[in-house]
Amino acid sequence: MKALRPRMLIFGAVGFAAALSQAGAFLGYRVTVCDARPVFATAARFPYADEVVAGWPSSRTAASTPAAWND
């Protein structure tokens with residue numbers, strides 16, 4: 001049985017978030033970047049993120065539990 005990769009959630013697609021997502025990927029995390037501004041939340045800006053979400057952080061976490069984030 002293979003263990004799930006730990007999840008790193010980064011809220012805010014700002015400059016240091018790109019470096020943080022790269023570090024997270026290097027350390028083996030499944031990285032998600034979330035920002036409400038679609039112009040900033042793009043896969044091109046975050047090539048090391050597994051998922052980039054253009055939406056309010058509450059849309060990602062409100063109906064979820066930490067266990068569901070590993071889906």
Side-chain angles (χ1 to χ4, degrees):
M1 182 174 180
K2 187 175 179 181
L4 293 175
R5 290 168 49 202
R7 168 74 69 170
M8 177 182 282
L9 299 172
I10 303 171
F11 296 104
V14 294
F16 71 88
L20 185 58
S21 68
Q22 183 177 4
F26 175 77
L27 293 172
Y29 285 85
R30 184 171 173 203
V31 179
T32 299
V33 177
C34 182
D35 194 296
R37 304 166 294 178
V39 70
F40 293 113
T42 64
R45 290 191 70 214
F46 297 95
Y48 296 99
D50 296 291
E51 181 181 20
V52 179
V53 179
W56 288 100
S58 60
S59 69
R60 181 71 180 158
T61 61
S64 299
T65 62
W69 296 341
N70 285 321
D71 294 340

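Just so you know, these numbers come straight off a predicted model, no measurement behind them. Residue numbers start at 1 and run along the sequence shown.
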Residue pair C34 / P57: nearest heavy atoms and the distance that separates them: SG-CA, 3.8 Å
Contacts of type side chain to side chain contact (heavy atoms under 4.5 Å, CB included), residue Y29, not counting sequence neighbours: P6, M8, L27, V31
Smallest separation among heavy atoms of V33 and S21, with atom names: CG2-CB, 4.3 Å
Heavy-atom closest contact (G28 atom, R5 atom, distance): O-NE, 3.4 Å
Cluster link F26 to F16, ILVMFWY, side chain under 4.5 Å: no
Nearest heavy atoms of V14 and R37, plus distance in Å: CG1-NH2, 4.0 Å
Closest non-hydrogen atom pair between F46 and A18, with its separation: CE2-N, 3.4 Å
Nearest heavy-atom neighbours spanning I10 and A17: CG2-CB, 3.7 Å
